[in-house]
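Encoded as structure tokens, the structure appears first; notes follow it.
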Amino acid sequence: MKRRHFFRNLGAILMFAFIGTTISCIVVGMIMFGFVQLMPWSTFGLKDCLFFGALISATDPVTVLAIFSDLHVDVDMYALVFGESVMNDAVAIVLSSTVDNYSADTFDLKAILSAIGSFAGIFLGSFLIGGLIGCINAILTKFTKIQDFPLLETALFCLLSYSAFLLSEAIGLTGIVAMLFCGMTQAHYTYNNLSEESQRRTKELFEVLNFLSENFIFSYMGVAMFTFQSHQWHVDFIAAAFLAIGVARVCNIYPLSALLNLGRKNKIKGNLQHMLVFAGLRGAIAFALAIRNTETAGRQTMLTTTLMIVLFTVVVCGGGTTQMLTWLKIRVGVDDDEPPQNVFHQLEMMDQSERAKRRAKKMEQAWLVSRWYNFDHNYMKPILTNRGAELSKTLPACCAPVARCLTRRKETTELREESDDEIILDDEVSYGDSSNAVGGSASLTQIEPNITPNPVEDDPATDGDLGLGDHEMRLKTGVSVTQDGADV
């Protein structure tokens, strides 16, 4: 999947991942708490029900995504399902940990505020550790001659990623979240510093590890279904759980989609919303959270129920994906570079002046996004990689010695070529002019938009939702371009 499809839906992905997962946790918890009051055998309290809601809210649509990839499903559909599953897992892990550590047995404002602070602290701490280790590895690969040893490069790439997991777990944070963001940082920066041989080896190694991990975890779940000695089979609890996750998924997708459509030009249509509800499979993360603690009968009941939900959603929902795509009339066989269906009609209806006005308006709306990408292009990439702007031009004159220290000699003599590899976040582009980087004096509203004669590159074809407004991308030459290239 091209990363431009991921980032133009980033606002929707983050909303589904953070707000949607929280809604799902609360809805499942409340429904289950209501049902367990009617079950004479139950010893579940509200905290237990909310914990179950948090762990079962982790979606893992591996089967659906595999089918989507084979059938080349609508790129926005793929981006939403893929993006939600990646971020949703991180949120569910931290949320379940927060609920499990909740100190009060009843509603207490102080305890709730403490839990919210704990959630933010764990998530941000894990994020910072992952990002920091990724940046350290980028600096090591840039300022050393490790490129002469491709095998060592690949080993360092893998081991430092794992060290983010170990360090986070050692200090009481969440290792999976740290490793996720470490991987994203290394894909954005470190990967660009690797030799060509090491890039190929690293990509192939992670493909193999990904394949083996998926097969191992689902095999392990299958074995656990028959070998776990303390299953608690309560049909009423299992049936209530199926009802709860269905209602929670509906309460998550439809209201948030309606809210997102208020600000999106490329609307999330009804058939895509139905597919998002159907694609909410449960998998490895929910199982891993449930099996961490099986000491009590209540936790054993949660594990048994989770296994049943995972088995049912993978077999039934995963197996019915192709038929559901047909029923909902969702496009398949779509080329990643193919513009939306309504683009050409919009282009015919728009004259050049209208396009210029829309592009200028987008530049105003995308203030925060443009600032980040300008900062990344002008400072982060030049420091951590051999790409981006020249530090001697972006840093103040008084910082010239620092710029020379952070710039490798070969950067000044070799042309910086744009990478088009298939790992996320590897574009040498800036959003708006480089003069508008963080700390610059110019305003984004003063930028005169460049309009290229190629209609495919105009607004409708590049419409995207970052949740913060649309954006325009420019190369260092100042020519407006659409973002293409690497896969997410």
Looking at Leu328, is its backbone amide N or carbonyl O close enough to the side chain of Asn271 to form a donor-acceptor pair, meaning the two atoms are under 3.5 Å apart?
yes
Any donor and acceptor pair, going by atom type alone, linking the side chain of Gln232 with main-chain N or O of Thr304 inside 3.5 Å?
no
Does either side chain, that of Thr21 or that of Asn88, offer a donor lying less than 3.5 Å from an acceptor on the other one?
yes
Taking C-beta and beyond as the side chain, do Val94 and Ser126 meet within less than 4.5 Å on heavy atoms?
no
Using the benzene-type ring in the case of Trp, are the ring centres of His188 and Phe181 under 6.0 Å apart?
no
Using 0.5 Å steps for rounding, measure from the CG atom of Leu256 to the SG atom of Cys251.
10.0 Å
Any side-chain heavy-atom pair from Thr321 and Phe278 closer than 4.5 angstrom?
yes
Identify the two heavy atoms, one from Leu55 and one from Ala290, that lie closest to each other, and give their separation to 0.1 Å.
CD1-CB, 4.2 Å
Which atoms form the tightest heavy-atom contact between Val314 and Arg282, and what is the distance?
CG2-O, 3.8 Å
Determine whether Tyr220 and Ile291 make a side-chain contact, defined as any pair of heavy atoms from C-beta on separated by less than 4.5 Å.
yes
Can you tell me if Asn261 uses its side chain to pair, donor with acceptor, with the backbone of Ala258 under 3.5 Å?
no
Side chains of Leu50 and Met32, heavy atoms from C-beta outward: is any pair under 4.5 Å?
no
Should Phe18 and Phe123 be marked as a ring pair (Phe, Tyr, Trp, His ring centres under 6.0 Å) after you check the CA-CA gap, both sets of side-chain angles, and the distance that decides it?
CA-CA 11 Å; Phe18 283 88; Phe123 195 92; 5.4 Å; yes
Run the side chain to side chain contact (heavy atoms under 4.5 Å, CB included) check on Ile238 and Trp233 step by step: do they pass?
CA-CA 8 Å; Ile238 295 172; Trp233 296 98; 4.2 Å; yes
Looking only at heavy atoms, which two atoms of Cys182 and Ala164 are closest? And how far apart?
CB-CB, 4.0 Å
Can you tell me how far OG1 of Thr174 sits from CG of Leu180, rounded to the nearest 0.5 angstrom?
11.5 Å
Residue among Ile245, Ile285, Thr305 satisfying side chain to side chain contact (heavy atoms under 4.5 Å, CB included) with Ile56:
Ile245
Would you please test Met39 and Val36 for side chain to side chain contact (heavy atoms under 4.5 Å, CB included) and show each step?
CA-CA 5 Å; Met39 302 174 187; Val36 296; 4.2 Å; yes
Could you go through Tyr191 and Gln186, starting from their C-alpha distance and side-chain angles, then the distance that decides it, and tell me whether this counts as side chain to side chain contact (heavy atoms under 4.5 Å, CB included)?
CA-CA 6 Å; Tyr191 186 78; Gln186 295 215 82; over 6 Å; no
Quick check: do Met302 and Thr294 have side-chain heavy atoms less than 4.5 Å from each other?
no
For Phe127, I'd like to know if atom CZ has over 12 heavy atoms of other residues, nucleotides or ligands within 6.0 Å.
no
Interatomic distance, CG@Leu276 vs CD1@Ile268, rounded to 0.5 Å, equals 7.0 Å
Can you check whether Leu212 reaches Phe216 side chain to side chain, under 4.5 Å on heavy atoms?
no
Going through the checks in order, is the side chain to side chain contact (heavy atoms under 4.5 Å, CB included) test met by Asp236 and Phe35?
CA-CA 9 Å; Asp236 48 356; Phe35 273 104; over 6 Å; no
Minimum heavy-atom distance between His231 and Met225, given as atom pair plus value
NE2-O, 3.1 Å
Six-ring centre of Phe51, Arg299 cation under 6.0 angstrom, axis tolerance 45°:
yes
Quick one: closest heavy-atom pair of Leu80 and Ala12, and the distance?
CD2-CB, 3.7 Å
Going by heavy atoms in the side chains, are Ser97 and Ile93 under 4.5 Å from each other?
no
Test ring pair (Phe, Tyr, Trp, His ring centres under 6.0 Å) on Phe44 and His234 and set out the steps.
CA-CA 13 Å; Phe44 280 78; His234 297 288; 8.7 Å; no
From Thr385 atom OG1 to Leu194 atom CG, the distance as rounded to the nearest 0.5 Å:
11.5 Å
Lys/Arg N to Asp/Glu carboxylate O, Glu196 vs Arg200, below 4.0 Å:
no
Just wondering, are more than 12 heavy atoms of other shown residues or ligands nearer than 6.0 Å to CZ in Phe119?
yes
Euclidean distance, Met179 CE relative to Ile129 CD1, rounded to 0.5 Å
13.5 Å
Passing candidate, ring pair (Phe, Tyr, Trp, His ring centres under 6.0 Å) with Phe237, options Phe242, Phe33, Phe52
Phe52
Count the heavy atoms belonging to other residues, nucleotides or ligands that lie under 6.0 Å from CZ of Phe228, then report whether that count exceeds 12.
yes
How far apart are the C-alpha atoms of Thr59 and Glu84, what are their side-chain angles, what is the distance that settles it, and do they pass the side-chain hydrogen bond (donor to acceptor under 3.5 Å, both in side chains) test?
CA-CA 8 Å; Thr59 60; Glu84 184 204 5; 4.6 Å; no
Calculate, to the nearest 0.5 Å, the distance between atoms CG and CG belonging to Leu303 and Leu289 respectively.
11.5 Å
If we only count heavy atoms from C-beta on, is the Arg201 to Phe206 side-chain gap below 4.5 Å?
no
Asp74 and Asp76 have their tightest heavy-atom pair at OD1-N, 3.0 Å
Can any side-chain N or O of Ser213 pair as donor or acceptor with the backbone N or O of Asn210 at less than 3.5 Å?
no
Carefully, step by step, assess Thr154 and Ser198 under the rule side-chain hydrogen bond (donor to acceptor under 3.5 Å, both in side chains).
CA-CA 6 Å; Thr154 300; Ser198 181; 3.1 Å; yes
Taking Ala58's backbone N and O only, do any of them form a donor-acceptor pair with Asp89's side chain (distance below 3.5 Å, no angle check)?
no
Give a yes or no answer on whether the side chain of Asn252 reaches the backbone of Ser24 with a donor-acceptor pair at less than 3.5 Å.
no
